[in-house]
Participant: 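Please read through the structure below; I'll follow up with questions.
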Amino acid sequence: MGPIADGADLLTIGGVRLECRWIGPGPDEAPTIVFLHEGLGSVSTWRGFPQALTEVTGCGALVYSRAGYGRSEPVVLPRPVEFMHREAEVLDEVLRAANVRRAVLFGHSDGASIALIHAGSHPSDIVAGLVLEAPHVFVEDVSVDSIAQIGDAYRSTDLRERLARHHQHVDVAFWGWNGVWLDPDFRAWNIEHLLPSIRVPALVIQGEADEYGTWAQVESIQRLSGGPVDVLRIADCGHAPHVQHPGLVMDAATRFIGGLLRVP
């Protein structure tokens, strides 16, 4: 298919329709920043951040919702333990279907892990670098404890109503994510073995008060990645740096992408 038009659209991958949005220049005009959302994210939860980053870097942006999220088609639950590995395969198909020629993967949380899996298992000339917000490379107690607590909040507060503004199939989105992370078999999930195969530069952004992961995740990426790793550590910041400290994240990402792609 040709480049996606600027605005909301659908991309069909493996017979599944995925919500997507193209912002700014097409892939034949400029490099593309591909946004990979967190475990409860979607196209709409990124809000204006992708647009702002395209304006300062001169890149285009491709933002899409994985199956089960946003306006994408639902999935059958429960999600398998290897769901992020499967999503890395889907990402590879998305890049090709959208005719992306040169990309930076900008992933948040689960999306950052998917970016790492893709870079470690799909070496190519397409992906030039990674921006990783609050990535997971193994499972920690703090992650499981926080995810269990948010399950209680989904049942007893207005969280379901708030998430329904972003997800057409809100129960699929929430319980698919919550269920797999709380699956006892998921405790053994670990992608550190893929990190030495990553050859592209990475910028890791981590909040000091992240309720879903610790600095040990960053240290593992720094120690094991086969490519250079820059780090932005943000005080007074939880799991969503681009929401809580947008200026810091925007500046760091702009410098990183500019140097990587030589974008003015």
Side-chain angles (χ1 to χ4, degrees), residues 4 7-23 33-51 61-91 93-94 97-98 105-115 133-136 143-144 146-183 186 210-213 238-244 246:
I4 303 162
D9 208 332
L10 293 172
L11 190 63
T12 300
I13 302 294
V16 178
R17 290 175 297 174
L18 303 180
E19 174 191 22
C20 63
R21 184 184 179 204
W22 194 282
I23 303 169
I33 306 170
V34 181
F35 286 86
L36 306 168
H37 61 74
E38 62 169 314
L40 290 177
S42 67
V43 168
S44 62
T45 60
W46 284 105
R47 301 187 187 277
F49 188 83
Q51 176 81 47
L62 174 59
V63 192
Y64 75 96
S65 298
R66 298 188 292 276
Y69 295 100
R71 293 195 301 109
S72 294
E73 288 191 33
V75 296
V76 176
L77 301 184
R79 287 186 181 273
V81 168
E82 67 276 10
F83 78 100
M84 283 191 266
H85 290 73
R86 295 187 183 185
E87 290 296 346
E89 298 292 334
V90 173
L91 168 59
E93 294 184 53
V94 166
L105 304 182
F106 192 122
H108 178 208
S109 191
D110 284 11
S113 301
I114 292 165
E133 277 194 302
H136 306 283
S143 308
V144 175
S146 293
I147 290 169
Q149 291 173 15
I150 200 172
D152 295 335
Y154 189 79
R155 296 183 186 94
S156 60
T157 71
D158 67 344
L159 177 59
R160 184 182 187 278
E161 179 182 349
R162 289 187 283 119
L163 288 174
R165 300 169 191 164
H166 301 284
H167 303 287
Q168 185 174 351
H169 307 281
V170 64
D171 290 331
V172 170
F174 183 84
W175 293 118
W177 166 78
N178 185 268
V180 69
W181 271 90
L182 297 183
D183 185 330
F186 194 69
D210 190 338
E211 61 273 34
Y212 291 99
H239 192 59
H242 74 277
V243 175
Q244 295 168 281

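Since we're looking at a predicted model, the values are computed, not measured.
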Participant: Below 4.5 Å, heavy atoms only, C-beta onward: do Val94 and Tyr64 meet side chain to side chain?
Facilitator: yes
Participant: Under the 3.5 angstrom rule, does the side chain of Gln244 hit a backbone N or O of Gly238 as a donor-acceptor pair?
Facilitator: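 The answer is yes, because a donor-acceptor pair under 3.5 Å joins these two groups.
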Participant: Which residues pass the salt bridge (Lys or Arg N to Asp or Glu O under 4.0 Å) test with Asp171, not counting sequence neighbours?
Facilitator: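 Applying salt bridge (Lys or Arg N to Asp or Glu O under 4.0 Å) to Asp171 gives Arg160.
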Participant: To the nearest 0.5 Å, what is the distance between CG on Leu40 and NE2 on His108?
Facilitator: 10.5 Å
Participant: How many angstroms lie between CZ in Phe186 and CD in Glu82, if you round to the nearest 0.5 Å?
Facilitator: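 Spacing of CZ (Phe186) from CD (Glu82) equals 10.0 Å.
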Participant: In the structure I gave you, are the side-chain heavy atoms of His136 and Tyr212 within less than 4.5 Å of one another anywhere?
Facilitator: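 A side-chain contact under 4.5 Å exists here.
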Participant: Taking Ser109 for the side chain and Gly39 for the main chain, is one N or O donor matched with an acceptor at less than 3.5 Å?
Facilitator: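 Answer holds: no.
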Participant: Who are the salt bridge (Lys or Arg N to Asp or Glu O under 4.0 Å) partners of Arg47, not counting sequence neighbours?
Facilitator: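 Once residues adjacent in sequence are excluded, Arg47 has no partner under the salt bridge (Lys or Arg N to Asp or Glu O under 4.0 Å) criterion.
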Participant: Taking C-beta and beyond as the side chain, do Trp177 and Asp110 meet within less than 4.5 Å on heavy atoms?
Facilitator: yes
Participant: Whether the Ser42 and His167 side chains hold a donor-acceptor pair (N or O, under 3.5 Å, no angle test) is what I'd like checked.
Facilitator: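 No, because no side-chain N or O of Ser42 sits under 3.5 Å from a partner of the opposite role on His167.
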Participant: Ignoring hydrogens, what is the shortest heavy-atom contact between Pro246 and Phe49? Give both atom names and the distance.
Facilitator: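 Shortest heavy-atom separation between Pro246 and Phe49 comes out as O-CE1, 4.3 Å.
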Participant: Any side-chain heavy atom of Ile23 sitting closer than 4.5 Å to one from Val63?
Facilitator: yes
Participant: Can you check whether His37's main-chain N or O pairs, donor with acceptor, with Arg66's side chain at less than 3.5 Å?
Facilitator: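 Yes; judged by distance alone, with no hydrogens or angles, the pair exists.
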Participant: So how far is it from His242 NE2 to Phe106 CZ, rounded to the nearest 0.5 Å?
Facilitator: 7.0 Å
Participant: Find the distance between CZ (Arg165) and OG1 (Thr45) and round it off to the nearest 0.5 Å.
Facilitator: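 One finds 13.5 Å between CZ of Arg165 and OG1 of Thr45.
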Participant: Shortest non-hydrogen contact from Met84 to Ser113?
Facilitator: SD-CB, 3.6 Å
Participant: Looking only at non-hydrogen atoms, find the nearest pair between Ser65 and Gly70 and report the distance.
Facilitator: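 Smallest heavy-atom distance, with atoms named: OG-CA, 3.9 Å.
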Participant: Within a strict 4.5 Å, meaning less than it, do heavy atoms of the Val90 and Ile114 side chains meet?
Facilitator: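 No - every pair of side-chain heavy atoms lies 4.5 Å or more apart.
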Participant: Going through the distances and angles, do Asp152 and Thr157 end up as a side chain to side chain contact (heavy atoms under 4.5 Å, CB included)?
Facilitator: CA-CA 8 Å; Asp152 295 335; Thr157 71; over 6 Å; no
Participant: Is the closest side-chain heavy-atom distance between Ile150 and Leu159 below 4.5 Å?
Facilitator: yes
Participant: For Gly14 and Glu93, work out which heavy atoms get closest and say how close.
Facilitator: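 Gly14 and Glu93 have their closest heavy atoms at N-OE1, 4.1 Å.
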Participant: Output the distance between atom CH2 (Trp181) and atom OG (Ser146), rounded to the nearest 0.5 Å.
Facilitator: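 Nearest 0.5 Å value for the CH2-OG distance: 10.5 Å.
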Participant: Taking the six-membered ring for Trp, is the centroid-to-centroid distance between Phe174 and Tyr69 below 6.0 Å?
Facilitator: no
Participant: Are side-chain heavy atoms of Leu62 and Ile33 found at a separation under 4.5 Å?
Facilitator: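 A side-chain contact is absent here, since even the closest heavy-atom pair is not under 4.5 Å.
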Participant: Is it the case that the side chain of Asp9 and the backbone of Trp22 share a donor-acceptor pair, with hydrogens and angles ignored and the cut-off at 3.5 Å?
Facilitator: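 No: the side chain of Asp9 does not pair with the backbone of Trp22.
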Participant: Could you grab the distance from atom OG of Ser44 to atom CD of Glu19, nearest 0.5 Å is fine?
Facilitator: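 The distance works out to 6.5 Å.
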Participant: Start with the C-alpha distance between Trp175 and Leu77, add both sets of side-chain angles, then the distance that settles side chain to side chain contact (heavy atoms under 4.5 Å, CB included), and finish with yes or no.
Facilitator: CA-CA 8 Å; Trp175 293 118; Leu77 301 184; 4.3 Å; yes
Participant: Please lay out, stage by stage, how Leu10 and Leu18 fare under the test side chain to side chain contact (heavy atoms under 4.5 Å, CB included).
Facilitator: CA-CA 5 Å; Leu10 293 172; Leu18 303 180; over 6 Å; no
Participant: What closest approach, in Å, do Ala67 and Val75 show between heavy atoms, and which atom pair accounts for it?
Facilitator: CB-CG1, 3.5 Å
Participant: Are Glu73 and His169 close enough that some pair of their side-chain heavy atoms sits under 4.5 Å apart?
Facilitator: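 SC-SC contact between Glu73 and His169 ruled out.
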Participant: Is the side chain of Ser72 donor-acceptor paired with the backbone N or O of Gly68 at a distance under 3.5 Å, no angle test?
Facilitator: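 Answer holds: no.
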